[in-house]
Structure formats: C-alpha cells, structure tokens
Amino acid sequence: MAKVLISDALSEAAVQIFRDNGVEVDFQPKLGKDPAKLAEIIGDYDGLAIRSATKATADLIAKATNLKAIGRAGIGVDNVDIAAASAKGIVVMNTPFGNSITTAEHAIAMMFAVARQIPEADASTRAGKWEKSRFMGTEITRKTLGLIGCGNIGSIVADRALGLRMKVVAFDPFLSSTRAEKLGVTKVETIEELLPLADFVTLHLPKTEKTAGLLNEDRIRLMKKGAYLINCARGGLVDEAAVAQALHDGHLAGAAFDVFAEEPATDNPLFTAPNVVCTPHLGAATSEAQENVALQVAEQMSDYLMKGAISNAINAPSVTAEEAPILKPWIDLAEILGGFAGQVTESPIKEIEIEFVGKVGELNLKPLTSALTSALMKPLVGEGGVNMVSAPIVARERGVKIAETRKDEQGAYGSYMRLIVTTEKQTRSVAGTVFSDGKPRFIQIKGIGLEAEPLDFMLYTTNADTPGYIGALGTKLGDLGVNIATFALGRSVKDGEAIALIGVDQELSEATLTEIRALPQVKQAKALKF
C-alpha cells in the first residue's frame, strides 16, 4: 500500500479521497512548519501532499528515500526544489485549474477596486468624511483590457471582461490565431504593441527566467498615460519601484497588486504611491478554490501512486489512467531497447532517433521517449544518476540530441520501435516489439533480423559467420559453468557478420567474457543486464 504524508492543511474530503483509492494517509497539517521533524520521518512515505507552508528543499528531498510524488495543492511550486526532485525521479504535481476561476475573479475585482478607488473611499467614509468629489472613478465599459498571458486564467479574465463590454487585446507567444478568434480577443505579436493600446493591463503568466522583470521601467513608460496596471499572477514580473514612480508622476492612474517580489510584503515602494490597491496574495483565497485544489491533488497523487497515471506534472510527461496500462508494455520495451544500446555503446553518443512504427505511433510518446532515454543514459552516468523524470535534462546537458519519428505500419511486424544511436564513430540500431502476451521482444539489431525475449542476464556477441561458431561458443559456456536459457542468431549475408543474443542463468563475470572474446570468430562480446 502506498503511504502519503499530508504536512499542510488539506480538507478532510481530500484525506478521504486518498483512503478511498487505497492509499494510507498520515495527516499532520502542522508538520510543514517544523522542517526538522519533517526531515526525520519523510523517508517513510511514497507521497508528500503540501500547500505553501512546507518547503520541499534539496536537503529534505535527499532524505526522502522512498518518495515518488510531491503534490502541491495550488499553482505555485516555488517551495519545491524541482531540480532536486527530478534528479531523484520524484514527480512534482500542481493543480493549475482548481483555483483558476477564483484567481481570475480576483483580477477583475482588483480592476474595479482601483478604477473606482473603493478601498480609499471606504476608509474615508468610515473616518466620517464625505468626499464625493475626491473619488472620481473611471468607467470600465468600452475600455481596452490588455492581457499579458492568455492561458487558463487569462482566458477566463478575457471572458469576464468581454461580458463587461470591454475590448480585449492579448499577448501570449503560445496563443494561436484560431484560439484568439474563439476567445473573442485581438492577438498582438509583442508586448510593445500591446502596452500603448490598453487602458488596463493585467498579467497572467508564470515567473521564469524569461518573464522575471518582464515589465521594466522602459515598458511601463510605453503604457498609455492614465492607464491602470493589475498583477495577480506572480511577484517579480514587474519592476515595482518603476510602477511607484509612474504613479507619483501621473503617468499611471492606478495599480492593483496581489503579489510582490518579496513576500510577505511588509515594506514596498507601492505602499506609499497614490491610488494603489494591495492585497496579501489572495488570488486563490476562497473556500471553493482551497477545497478544489485539495481534492484535485489527492486525486492526482492517488492516480499516480496506484495506477501510474500522471497529470499536471511539472517535471514529467502526463499519462492518463486509461493510457497507463496500454503504455506499460511499451515502456518496458523502451527500457529494454535503451538499456541494450547503453550497454553496448562504447563511444560518446551524439544523437538518438526513435522510430515509432504502426499503432505504437498513435500512443502518448513522451513517456516512451523518457523511459528509453533514461535506460540508454544509465550505463553512461551510473546507477541513480538518471531516471524517467530527469532523462531529458541529463541528455540535454550532455549534448545528446533526441528525435522522434512516426511511421506507418511496415514490414513483418505491425507495430514496433526502433532506436538509432549515432556516436562519434558509428550509427547503430536496435528494434523491438510487444507480442500478444504483453512481453517485449528484440526483432532486429544492427539491421540484422532475429527474435529474442529479453532475460535478466544475456550475452551479446558479434562474430564472423563461419562454421563451428555455435558449437564453439556453446562448449565454452559449458566449460565455464554457464547455463544457456535461450539462443537467438542472425546474420547480414552469408559468410558476413553475424550476431548472437543468448539468455543465461547468471551474471557473466569479466573473466568469463575474456574467455569468450578469445574465441577466434568473436569480434565483440558484451554482458547485458535487464
């Protein structure tokens, strides 16, 4: 039974979802604020469910010897060391859709609040003043809203703004013209094009290396004079000091911020600027949203731990619960092909190409590519140095290019995978398929056809195709006390190069390989483990 620790406050309904899915739950909602105690016990768990209080640091992850998944109830994963988790093969999930409506509504509310100066007017009225003339607002109808980021939350904001009879322009490098037309927004190609058009600008994008400081002083000055700026996305996307200055000198009419570069925000240049509305990161702070993300993370983690399904993962390809059992035998095959190539390749790898032929090409290929790449890289970087989650990163760091190709059904096998490895010295290939029994089979090595079931321990040889080799090899293995389980042969042309893939009952020692390599026909001999 999988075991999950909940170290932050999640609802009882989320706890019950884990239990209903057969997952043992340890609910300790205050543990996230006690990192020392958390580090003591984290090694006992397969999953860790958190909100923002728990900090999944590299040190904590190093002690998480059994951890397979970290689930963040919410969007932001700033409190999780993604690189450390990826290196250990821990899937990090968030819940990007559970609080989308709530966050979008907060952005709209902030836009109204700053346009009508509601917080200041409220404070003035409560102080016994009646300053109607002081709080002259701005009408939103027929104004232009500029969206920077038009993904899940941004598209909801667009829908609400259109309902308010606003015109919406959007910048998002991933927004297609078709999608923009469906949303009813006008797509622009650059931020510089958007800023002078908008009466209100609102941000809806994550903070990354590319987006940090996105609205700098120069871009803020491109905004229309008298415009309003709203940020309910991520702190650090905007130069807050530059916004404050633009408010002081009248270039901007107002700003509304729910997120800040430094949080908790106790001192910020925006706090003394005119017509600013500030809230303490409340975008997802509704009871409905908190319940939604808690339930969602419980469902996602249960699906992964019990069924192998991956959804909303930050560092791994998604696999639905329906896909998982279909993909399982092909993932096994991918690991076999990658493991074979990794063990027989002796020079640095420059490029790998994976051909998906027939029906396998219709499947979700990302998990297959990750599994194959991981198995391929493992003999090169050492056990524990790579896994399905970190494989693409490790390959990229080592300069290995990865290409995927889908092909229609061809040849004797209706559906199969072929791995083509290009090194500094040569290009070689290995292919395999999944038989009706659900087990993988080798069907081709170096372009030479053969059929072999992968076993735990195998011997692979390339040899001259001359009479007597099979007998000589069999006799040698017998003399060395090695029992043969299976024996598969193949050759390119008569009297040319041949290959043999032999299943054996035990791991082959280096001394045994030295004896085999001494046979006159043998060109290469490799011990394999799967």
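All values derive from a computational prediction rather than experimental measurement.
- Taking CD of E131 as the start and OG1 of T125 as the end, the distance is 8.0 Å to the nearest 0.5 Å.
- In this structure, CD1 in I101 is found 10.0 Å from CG in D159, a value given to the nearest 0.5 Å.
- In terms of heavy-atom proximity, G283 sits nearest to D258 at N-OD2, 2.8 Å.
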- List the steps and the verdict of side chain to side chain contact (heavy atoms under 4.5 Å, CB included) for V91 and N315. CA-CA 6 Å; V91 174; N315 60 347; 4.2 Å; yes

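- Taking a 6.0 Å sphere around NZ of K88, one finds it holds more than 12 heavy atoms contributed by other residues, nucleotides or ligands.
- Put simply, the side chain of D249 gets close to the backbone of H251: a donor and an acceptor are under 3.5 Å apart.
- With contacts defined as side-chain heavy-atom distances shorter than 4.5 Å, the pair L368/V360 qualifies.
- Residues S7 and L48 have side chains in contact (heavy-atom distance under 4.5 Å, counting atoms from C-beta outward).
- Using a 4.5 Å cut-off on side-chain heavy atoms (C-beta onward), R51 and V293 make contact.
- Counting heavy atoms from C-beta on, the side chains of N275 and L247 never come closer than 4.5 Å.
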- Message: Does S52 form a side-chain hydrogen bond (donor to acceptor under 3.5 Å, both in side chains) with H281? I'd like the steps, not just the answer.
- Response: CA-CA 12 Å; S52 57; H281 208 142; over 6 Å; no

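- The number of heavy-atom neighbours closer than 6.0 Å to NZ of K68, taken from other residues, nucleotides and ligands shown, is above 12.
- In terms of modelled atom types and a separation under 3.5 Å, the side chain of K207 and the main chain of G236 share no donor-acceptor contact.
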- Item | Derivation of the side chain to side chain contact (heavy atoms under 4.5 Å, CB included) call for L203 and L229 | CA-CA 8 Å; L203 292 90; L229 176 62; 3.7 Å; yes

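- In this structure the side chain of L365 reaches within 4.5 angstrom of the side chain of R406, judged on heavy atoms.
- Considering only heavy atoms from C-beta on, Q28 comes within 4.5 Å of I41 through its side chain.
- In this structure, the side chain of S124 does not engage the main chain of E120 through any donor-acceptor pair within 3.5 Å.
- Interatomic distance, N79 CG to D81 CG, rounded to the nearest 0.5 Å: 11.0 Å.
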- Message: Between T405 and E353, is the side-chain hydrogen bond (donor to acceptor under 3.5 Å, both in side chains) condition met? List the steps.
- Response: CA-CA 7 Å; T405 304; E353 181 181 357; 2.8 Å; yes

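- With N268 as the partner, the side-chain hydrogen bond (donor to acceptor under 3.5 Å, both in side chains) test is satisfied by one option alone out of E240, E262, E263: E240.
- Atoms CD1 and CG, on I191 and L215 in that order, are 6.5 Å from each other to the nearest 0.5 Å.
- A salt bridge does not link K63 with D59: every distance from a Lys NZ or Arg NE/NH1/NH2 to an Asp or Glu carboxylate oxygen is 4.0 Å or more.
- In this structure, P367 and I331 approach most closely via the heavy-atom pair CB-CD1, 4.2 Å.
- Between I156 and S100, the shortest heavy-atom contact is CD1-CB, 3.8 Å.
- Contact check for E335 versus S374: no side-chain heavy atoms found under the 4.5 Å cut-off.
- At most 12 heavy atoms of other shown residues, nucleotides or ligands fall within 6.0 angstrom of atom CZ in R179.
- In this structure, OG1 on T373 lies 8.5 Å from CG on L419, to the nearest 0.5 angstrom.
- Few gaps surround CD on E351; more than 12 heavy atoms of other groups in view lie less than 6.0 Å from it.
- Between the CG atom in D172 and the CG atom in L183 there is a gap of 10.5 Å [rounded to 0.5 Å].
- Taking all atoms of both residues into account, the shortest heavy-atom contact from A158 to L147 is CB-CD1, 3.6 Å.
- Of all heavy-atom pairs spanning A2 and M306, the tightest one is CB-SD, 4.0 Å.
- Tested against Y228, the residues F257, F200, F112 include a single ring-ring contact (aromatic ring centres under 6.0 Å, His included) partner, F200.
- Heavy-atom neighbours of L164 CG from other residues, nucleotides or ligands within 6.0 Å: above the threshold of 12.
- Salt-bridge annotation for R234 and D78: present, with a side-chain N of the basic residue lying under 4.0 Å from a carboxylate O of the acidic one.
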- Evaluate side chain to side chain contact (heavy atoms under 4.5 Å, CB included) for I50 paired with V80, printing each intermediate quantity in order. CA-CA 10 Å; I50 63 175; V80 180; 3.8 Å; yes

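- Annotation for K55: atom NZ counts as buried by contact number, over 12 foreign heavy atoms lying within 6.0 Å.
- Contact check for L376 versus I349: side-chain heavy atoms found under the 4.5 Å cut-off.
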- Determine, stepwise, if the pair V157 / L145 fulfils side chain to side chain contact (heavy atoms under 4.5 Å, CB included). CA-CA 10 Å; V157 171; L145 175 65; 3.9 Å; yes

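- Surrounding NZ of K167 are at most 12 heavy atoms belonging to other residues, nucleotides or ligands under 6.0 Å away.
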- Task: Check step by step if salt bridge (Lys or Arg N to Asp or Glu O under 4.0 Å) holds for R19 and E12.
- Result: CA-CA 11 Å; R19 291 173 178 154; E12 183 58 38; 3.5 Å; yes

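- Surrounding CD of E192 are more than 12 heavy atoms belonging to other residues, nucleotides or ligands, all under 6.0 Å away.
- Judged purely by atom type and a 3.5 angstrom limit, D122 has no side-chain atom pairing as donor or acceptor with the backbone of I118.
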